[in-house]
Amino acid sequence: MSGRVITITSGKGGVGKTTATANIGAALADMGYKVVCIDADIGLRNLDVVMGLENRIVYDLVDVVEGRCKLRQALIRDKRMGELYLIPAAQTRDKNAISPKDMQRVCDELRPEFDFILIDSPAGIERGFKNAIAPADDVIIVTNPEVSAVRDADRIIGLVEADQKGPAKLIINRINQELIERGDMLAVADVLELLAVDLIGMVPDDQAVLVSTNRGAPISLEQKSRTGQAFRDVAKRLSGQEVAYTEENGSGGLFGRLSKLIRTGGG
Amino acid sequence: MTDKVQIKGIREGLLVSVVEDEGDWNLAEKELLSELDRQKSFLQGAKLILDVNEYGINAAAMGRLRDQISDHGLSLWGVLSRSPLTERSAQAMGLATRIHQTERQAEPADGHGFDPNSDAVLVRRTLRSGASITHTGHVTLIGDLNPGAEIIAGGDVIVWGRLRGLVHAGAEGNQDAVVCALDLAPTQLRIAGHIAIPPQERGQTSPEVAFVRDGQVIAEPWEPGKAIK
């Protein structure tokens with residue numbers, strides 16, 4: 001088994017990187033894959049909270065890198081699911097506590113044991129981002145349909161390309177159909193037109209996500225949730241399945257334009 | 001283009017700057033060589049002036065570097081550094097260690113050394129937010145210029161694609177510079193000392209040419225058979 005390292009990043013903060021990591025990780029594990037999520041946001045860790053594993057942390061990523069524990073000891077298993085693990089970030093240190101090389105070493109050690117290694121990148125383009133991107137086989141960029149988030153995503157895509165990690169794939173998170181129809185939000189097609197990268201997920205704006213992250217229970221495990229379905233679709237696409245983008249609440253215009261874009265090669 | 005290695009056209013050739021990072025020259029050298037490799041087709045045959053900032057490079061390493069650079073089909077002409085060790089090794093190999101100061105800082109609009117007939121560069125990719133191209137001559141981009149990216153040229157700028165970022169043509173004061181784009185929708189457009197902020201709402205997109213007339217930046221649709229400016 002040689003696991004794929006997938007880094008989830010965005011540039012801008014607060015667009016849903018951590019939520020996406022937790023949910024895609026849970027969905028992949030639910031499909032039967034062996035998955036580990038690594039929180040690379042050292043000093044501002046959240047992934048443990050969103051995954052509901054905060055109270056079980058003994059060792060963290062920095063402990064592994066600095067040799068205070070074995071990698072195995074820092075792996076926290078999510079008992080609710082088959083094979084989902086977390087390596088938490090240290091909260092009392094900062095991004096300079098590890099280097100891109102350290103991340104590569106940790107991931108190389110994990111590859112033989114896991115199918116998927118998901119890295120939750122911190123916001124920004126500095127050291128933390130470079131750490132997160134260094135071991136990546138694939139990069140997923142999370143953005144929101146708003147101008148500032150798209151601008152940052154564009155910058156990140158450029159950096160990922162320069163690092164020869166591309167082509168990055170895009171998740172557009174917090175899509176609010178009502179606002180788009182009123183013309184107050186960028187449509188998916190607008191975002192894709194500017195960024196010109198392949199889409200791997202469209203996730204609706206949903207208050208239930210807030211509830212699930214607060215409870216530490218990934219929404220991708222709630223079979224009835226549309227948002228959960230969107231994350232499960234991302235997981236399926238990552239595993240190589242082809243999943244069509246569902247046409248929701250009658251907004252034929254938007255999705256019509258989108259499918260046209262996909263047919264012509266993604267814009 | 002990585003952010004650790006920057007390439008800029010100057011009168012003597014290409015100024016390649018290696019940005020100081022973690023102080024390990026071996027890493028920086030690797031970064032530099034892979035960037036040269038990546039841009040091979042663009043750089044082919046160029047004369048290189050390397051700015052290595054604080055990095056200290058001894059004579060043996062300098063010799064290796066020169067060989068590797070010539071393996072890339074480039075010639076190393078000079079090395080700039082603030083490290084005395086590096087300067088000594090470069091001088092020992094007969095490389096230049098000084099170029100005209102205004103060009104080392106090669107910022108536009110300093111009014112020095114601009115020859116309106118100097119070479120043009122052709123860039124063929126999408127310039128995403130944060131990317132920047134500075135050249136004393138003309139710049140042609142085949143691809144989009146996204147918001148947050150910029151082209152600063154001493155001469156004209158042609159964008160075969162969507163121009164949505166910032167362009168400064170005639171950056172060293174050339175009032176006759178023009179900017180052409182298939183879709184001219186810049187965040188801001190500058191020609192010589194004039195700055196224009198285009199209107200937000202535009203009708204259908206068509207190729208346009210922007211230039212200075214009567215002290216104002218004007219954009220006109222391109223028409224077949226009509227002379228530009």
Side-chain angles (χ1 to χ4, degrees), chain A residues 9-12 15 95-104 123-131 133-134 136 139 141 143 146-168 170 183-184 186 189-198 265-267, chain B residues 1-7 16 18-24 26-28 30-40 42 123-133 141-151 159-166 182-183 185-188 200-202 205:
Chain A
T9 186
S10 70
K12 188 175 182 297
V15 296
K95 311 299 185 255
N96 294 321
I98 60 173
S99 71
K101 274 216 176 92
D102 293 328
M103 285 300 286
Q104 278 165 341
I125 55 172
E126 296 84 10
R127 178 69 167 267
F129 164 74
K130 287 175 183 160
N131 286 341
I133 219 80
V139 178
I141 314 260
T143 192
E146 55 178 87
V147 176
S148 57
V150 171
R151 187 72 53 90
D152 287 1
D154 190 47
R155 173 98 163 102
I156 291 288
I157 293 167
L159 293 174
V160 169
E161 280 171 359
D163 227 12
Q164 296 188 308
K165 299 286 190 189
L170 190 71
D184 290 333
L186 290 174
D190 298 333
V191 177
L192 288 177
E193 189 197 345
L194 180 75
L195 296 181
V197 290
D198 287 343
Chain B
M1 198 193 288
T2 74
D3 46 4
K4 281 194 196 123
V5 179
Q6 284 159 3
I7 302 179
V16 179
V18 182
V19 178
E20 181 86 38
D21 195 19
E22 280 159 44
D24 184 348
N26 287 328
L27 284 180
K30 228 173 260 168
E31 194 91 26
L32 167 71
L33 291 171
S34 67
E35 181 67 18
L36 293 180
D37 210 28
R38 220 171 295 153
Q39 308 241 20
K40 213 168 184 169
F42 170 56
V123 179
R124 190 172 164 184
R125 62 187 157 102
T126 301
L127 290 188
R128 296 184 180 276
S129 179
S132 170
I133 290 194
L141 173 69
I142 300 179
D144 292 348
L145 181 74
N146 282 358
E150 60 179 26
I151 294 176
V159 177
W160 185 267
R162 296 183 293 221
L163 194 169
R164 293 181 175 179
L166 183 150
L182 290 185
D183 177 8
T187 322
Q188 196 189 87
Q200 287 282 324
E201 294 300 323
R202 299 173 67 243
T205 60

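Convention: sequence-line order gives letters A, B, ...; per-chain numbering from 1.
Atom CG of Asn146(B) and atom CZ of Arg155(A) lie 12.5 Å apart (nearest 0.5 Å).
No donor-acceptor pair closer than 3.5 Å links the side chain of Arg162(B) to the backbone N or O of Leu194(A). The backbone N or O of Leu195(A) sits less than 3.5 Å from a side-chain atom of Arg128(B), completing a donor-acceptor pair.
The salt bridge (Lys or Arg N to Asp or Glu O under 4.0 Å) search around Arg164(B) returns Glu193(A), not counting sequence neighbours.
For the set Gly130(B), Ala149(B), Pro147(B), the count of heavy-atom pairs under 4.5 angstrom toward chain A peaks at Pro147(B).
Across Asp154(A) and Ser129(B), no two heavy atoms sit closer than the pair OD2-N, 2.7 Å. Closest heavy-atom contact between Leu27(B) and Lys101(A): CD2-NZ, 3.8 Å.
Salt-bridge check for Glu161(A) with Arg125(B): failed, with every basic side-chain N at 4.0 Å or more from each acidic carboxylate O.
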